[in-house]
Each structure stands twice: as C-alpha cells, then as structure tokens.
Amino acid sequence: MSAAALPVTAPAGEVKARKAPYRVMPGFNLSLGFTIFYLTLIVLIPLSAIFLKTFTMTWDGFWAAVTSERVVASYKLTFGASFIGALFNVFFGGIVAWVLVRYKFPGKRIVDALVDLPFALPTAVAGISLTALLAGNGWIGQLLEPHGIKLAFTPAGIVIALIFIGLPFVVRTVQPVLEDTEKELEEAATSLGATRFQTFTKVIFPSIAPALLTGFAMAFARAIGEYGSVIFIAGNMPMISEITPLIIIGKLEQYDYAGATAVALVMLVISFVLLLVINGLQAWQRRRAGG
C-alpha cells in the first residue's frame with residue numbers, strides 16, 4: 001500500500017477544537033428565560049387575576065353567575081356565531097387567497113390591500129358602517145327588509161360582523177402556503193389523467209389544510225372576544241342578540257367584578273379547550289401529510 005493511501009491521523013496528544021456554531025441570539029438558557037419572563041408578564045399574570053378574583057366567590061355564587069339563563073343564551077350566541085363566521089371565512093377566505101395568488105388582473109394590488117382593511121379599521125367604525133348598511137333605512141337593508149329579510153339587530157348581523165373582522169386571518173394564513181405550493185405537482189396530476197376535482201382534493205387541499213385550520217382557529221378566537229364591531233349591529237336584546245362580552249361589560253359597570261371575572265373565566269376555559277383541539281387537529285394533519 002502506498003503512503004498516499006494511508007489515513008492521515010493527528011499527532012498524539014493533539015486535540016482539534018471544534019468551532020462552536022454561530023448564533024445571532026444569546027444562548028438557549030438566556031433566551032428561554034426571557035421568553036418565559038415575557039409571557040408571564042404579558043399573558044400569565046393578567047390571566048391569573050381572573051382566577052384569583054373568581055376564587056373570592058363561593059361555589060354556589062360562581063355557579064349561579066355562570067349558569068343563569070341570560071348568560072347561557074349569550075354563550076350559545078357568542079360561540080355559535082363565532083363558529084359560523086369562522087367557517088364562512090375558511091371557505092370564502094380560501095377563495096380570495098386562491099384568486100390573489102393564482103391570477104393576475106387589473107387592480108390586484110388594491111384588492112390585496114383591501115383584505116387588510118379590517119385590521120386597520122377601528123372596530124367601532126366597522127360596526128357603525130355595517131349597521132348603516134344593513135339597517136332598515138340603509139342601502140342594503142332597505143332592499144331586503146321588504147322581502148322579510150332583516151339583518152341588523154339580529155344574530156345574522158352579528159355573524160356578518162364577525163365574518164368581516166375574521167376574513168384577513170384566513171387569507172393571510174393561506175396565501176403564503178399557496179405561493180409556495182409547487183405547480184409541477186398539479187401539472188403532473190393532470191398529465192396522469194386526474195380531473196380538476198381530483199387534483200384539488202388529492203394535491204392542493206392536503207398542502208393547504210393545516211393553513212386553513214390555522215386561519216379558522218385565529219378567526220374563531222378573534223370572533224369570540226370581539227366587542228366593538230358587534231355591539232352596534234347586535235341590538236343587544238337579552239336572550240336574542242346579547243353577546244357574552246356585553247354581559248361582562250354590564251357586570252363591570254355594576255361593580256360586580258367577581259361575576260364579570262366568573263363569566264370571563266368560563267369563556268377563557270372553553271376557548272382554550274377549543275383552540276387546543278384545533279391545534280391537535282393541525283398536528284395530526286401535518287403528521288398525516290408528512291407520512
């Protein structure tokens with residue numbers, strides 16, 4: 001064997017120091033400590049105040065506050081309208097994102113900017129505008145009410161307001177995923193004889209499903225706590241169009257802080273459980289797509 005073929009070894013006693021990888025941020029311990037501190041300061045401490053104030057009530061008082069007929073009716077309206085609004089946004093927001101990504105047309109930049117309008121528009125202004133449009137003397141309401149269709153001051157008006165404020169969450173979540181989707185996969189499916197429906201269900205939808213679930217979760221969570229845009233169009237009629245945030249505000253105005261935090265605690269727990277389920281579905285969808 002020639003000398004050139006022999007392996008080259010370092011001299012005995014010589015240790016080569018490995019170069020540590022360069023990191024822009026500080027070390028893991030410091031970064032994790034700052035993260036926990038920041039989340040505790042901004043999220044956990046305010047939320048813990050809800051639990052601490054609620055614990056000042058007796059169990060009977062707490063149960064009476066959170067299960068009264070009026071409060072239960074507001075739960076049904078708030079979560080039901082938020083769920084319906086999020087479903088609408090998943091469907092129509094997905095279409096809007098598809099059009100903005102896959103097509104070129106005059107005024108595309110304007111349409112793209114309009115999607116973010118609910119982010120920039122104050123919620124109270126949105127509520128007043130929707131009420132002015134959908135009321136009996138509004139541009140749209142005066143055309144619908146003669147046919148028995150009433151939107152303002154009804155649960156239907158609440159759903160419309162929640163659709164308005166939740167649309168950008170779905171569009172902005174799905175849009176970058178569609179932009180990164182490889183069109184070659186769609187072309188390959190078409191060349192193999194797949195129909196448009198098969199291409200969408202087998203190629204496109206699995207890749208955007210996690211983004212759709214994320215957009216749904218964000219729109220749903222945003223809608224649950226919405227107050228400004230809903231308060232004007234809801235009508236605020238007890239047992240009919242009264243949302244839970246309005247009940248909380250009413251209890252605070254009556255200096256019933258414990259009762260307000262009790263209702264807020266129920267909303268917090270239900271919202272957390274629902275979001276946890278949705279996040280679990282997202283993780284399952286990612287593992288399924290990866291497999």
Over all heavy atoms of both residues, which pair between [X] and [Y] is shortest? Give the atoms and the distance, please.
| X | Y | value |
| --- | --- | --- |
| V170 | A219 | CG2-CB, 4.3 Å |
| P146 | G141 | CD-O, 4.3 Å |
| G259 | D256 | N-OD1, 3.0 Å |
| E226 | V230 | CG-CG2, 3.7 Å |
| M57 | A65 | CE-CB, 4.1 Å |
| L41 | P46 | O-CD, 3.7 Å |

[X] side chain near [Y] side chain, heavy-atom distance below 4.5 Å:
| X | Y | answer |
| --- | --- | --- |
| L252 | Y257 | yes |
| V115 | Q175 | no |
| T131 | F153 | yes |
| L178 | I208 | yes |
| F62 | T54 | yes |
| N89 | F220 | no |
| V71 | T244 | no |
| T78 | P245 | yes |

Mark yes when over 12 heavy atoms from residues, nucleotides or ligands other than [X] sit less than 6.0 Å from its [atom1]; otherwise mark no.
| X | atom1 | answer |
| --- | --- | --- |
| K202 | NZ | no |
| Y38 | OH | no |
| F88 | CZ | no |
| F83 | CZ | no |
| L192 | CG | yes |
| R102 | CZ | yes |

Note to self: For L268, is there any backbone N or O sitting under 3.5 Å from a side-chain donor or acceptor partner on S271?
What the structure shows: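 Side chain of S271 to backbone of L268, a donor-acceptor pair under 3.5 Å: no, none is there.
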Checklist line | Any donor-acceptor N/O pair, N236 side chain to I231 backbone, under 3.5 Å | finding: yes
So if you build clusters from Ile, Leu, Val, Met, Phe, Trp, Tyr with side-chain heavy-atom gaps below 4.5 Å, do [X] and [Y] land together?
| X | Y | result |
| --- | --- | --- |
| F197 | W98 | no |
| L265 | V66 | yes |
| I240 | L134 | no |
| I160 | L121 | yes |
| V101 | Y103 | yes |

Hey, could you give me the [atom1]/[atom2] distance between [X] and [Y], rounded to the nearest 0.5 Å?
| X | Y | atom1 | atom2 | value |
| --- | --- | --- | --- | --- |
| L117 | F119 | CG | CZ | 11.0 Å |
| Y227 | I249 | OH | CD1 | 5.0 Å |
| L133 | L130 | CG | CG | 6.5 Å |
| T181 | I204 | OG1 | CD1 | 7.5 Å |
| I158 | I233 | CD1 | CD1 | 8.5 Å |
| I270 | I224 | CD1 | CD1 | 8.5 Å |

Next item on the list: List the steps, then state whether side chain to side chain contact (heavy atoms under 4.5 Å, CB included) holds for V111 with F105.
Entry: CA-CA 10 Å; V111 175; F105 52 90; 4.1 Å; yes
Next item on the list: Specify whether F205 and F200 have parallel, tilted or perpendicular ring planes, treating 30° as the upper limit for parallel and 60° as the lower limit for perpendicular.
Entry: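 The rings of F205 and F200 sit tilted, inter-plane angle from 30° to 60°.
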Note to self: Using ring centroids (six-membered ring only for Trp), state whether F91 and F216 fall under 6.0 Å.
What the structure shows: no
Notebook entry, point to check: When I247 is tested against each of S68, S74, P238 for side chain to side chain contact (heavy atoms under 4.5 Å, CB included), which residue passes?
Noted result: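 Only one of S68, S74, P238 forms a side chain to side chain contact (heavy atoms under 4.5 Å, CB included) with I247, namely S74.
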Check: Passes side chain to side chain contact (heavy atoms under 4.5 Å, CB included), T199 versus T190? Steps please.
Finding: CA-CA 7 Å; T199 302; T190 303; 4.1 Å; yes
